[in-house]
Amino acid sequence: MENFQDIKYHPLKISRSKKYGNNYWTSRGNKVGKRNIELYSDLEFDHWLNVETNPEVITYCEQPFKISYVLKGQLHTSIFDMWILNRDGTETFVEVKYEKELTSNHPKYDRTKRQIEAQREWCRINNKSYEVRTEKTIRSGLHSIENRTSIVTAILNSNKPTCVLDVFNGVSLNKKKISDIIQELPQYSAEQVILALKWLFYEGRVCGNIEDQIFGKCLEVYPCE
């Protein structure tokens, strides 16, 4: 997590004009050396939470790269929303869009369609993976964003507790409620156990239904395969 030599891109600075920044977010990313990151919509922020908490992601860069394309005889530019480096070595460029922007009756549909076509073609030529991600996958589950916000906050602001190994050993092959793990480890406070489990989730060592269940004592957890 702390080796950043594989970062190939640096965020492009975008002016907060009427076009960008109507819902402007700033945060820090653990997978990018805890530097400040800037996101330009609520959906981009929620997507970042998914990326930051995905154990298959080594690192990433928001607003990483600009390309040019032609629409109706005019030259336009487009900046990818994110570049992602995965553990298997693959690189993925991502464009984040609301579903409504991909429907033919949307006023910006023609431009959106041409933008996506241009980005996809650039990725094809450069042998990179490309995805358009929408709220259907980014915001899947009732509690996904809430839980991922909680995990990111814990990782950024708290050191890994010394009880991590004991907590991990307390997670059985079968699903077990966090309350049961707390009860089995009376030498640690409930807060310490829950913090340890957030670190274990972040590292991809423990799994559970954080999409639909609040990250608390009733959540059932189990080791990831």
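A 4.5 Å side-chain heavy-atom check between W122 and Y69 finds every atom pair outside the cut-off. The side-chain heavy atoms of D81 and E62, taken from C-beta on, include no pair separated by under 4.5 Å.
To the nearest 0.5 Å, the span separating OH on Y130 from CD on E91 amounts to 16.0 Å.
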Verdict with reasoning, E38 to T26, per side-chain hydrogen bond (donor to acceptor under 3.5 Å, both in side chains) | CA-CA 5 Å; E38 297 178 288; T26 61; over 6 Å; no
May I have the step-by-step check of side-chain hydrogen bond (donor to acceptor under 3.5 Å, both in side chains) for Y202 and N30, ending in yes or no?
-> CA-CA 11 Å; Y202 185 78; N30 191 60; 3.2 Å; yes
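With respect to the salt-bridge test (charged N to carboxylate O, under 4.0 angstrom), the residues E117 and R111 do not qualify. Between R148 and E146 no salt bridge is recorded (no basic side-chain N to carboxylate O distance below 4.0 Å). A salt bridge between R124 and E121 is present, with a side-chain N of the basic residue lying under 4.0 Å from a carboxylate O of the acidic one.
Enclosure of atom CG in N157 by more than 12 non-hydrogen atoms of other residues, nucleotides or ligands within 6.0 angstrom is indicated. Around CD of E211, the count of heavy atoms belonging to other residues, nucleotides or ligands within 6.0 Å exceeds 12. A 6.0 Å sphere centred on CG of L173 holds no more than 12 heavy atoms belonging to other residues, nucleotides or ligands. Crowding of K176 atom NZ: a count of heavy atoms from other residues, nucleotides or ligands under 6.0 Å exceeding 12.
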Identify each donor-acceptor pair in which a side-chain atom of residues 101-110 lies under 3.5 Å from a protein atom, sequence neighbours left out, and give them as a table.
residue	atom	partner	partner atom	Å
E101	OE2	Y98	N	3.0
T103	OG1	K100	O	2.7
T103	OG1	N105	OD1	2.9
H106	ND1	K108	N	3.1

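A single hydrophobic cluster is seen to contain both W25 and L156, as judged by linkage of ILVMFWY side chains at heavy-atom distances under 4.5 Å, directly or through other members.
Across all their heavy atoms, D212 and G141 have their closest contact at OD1-CA, 3.4 Å.
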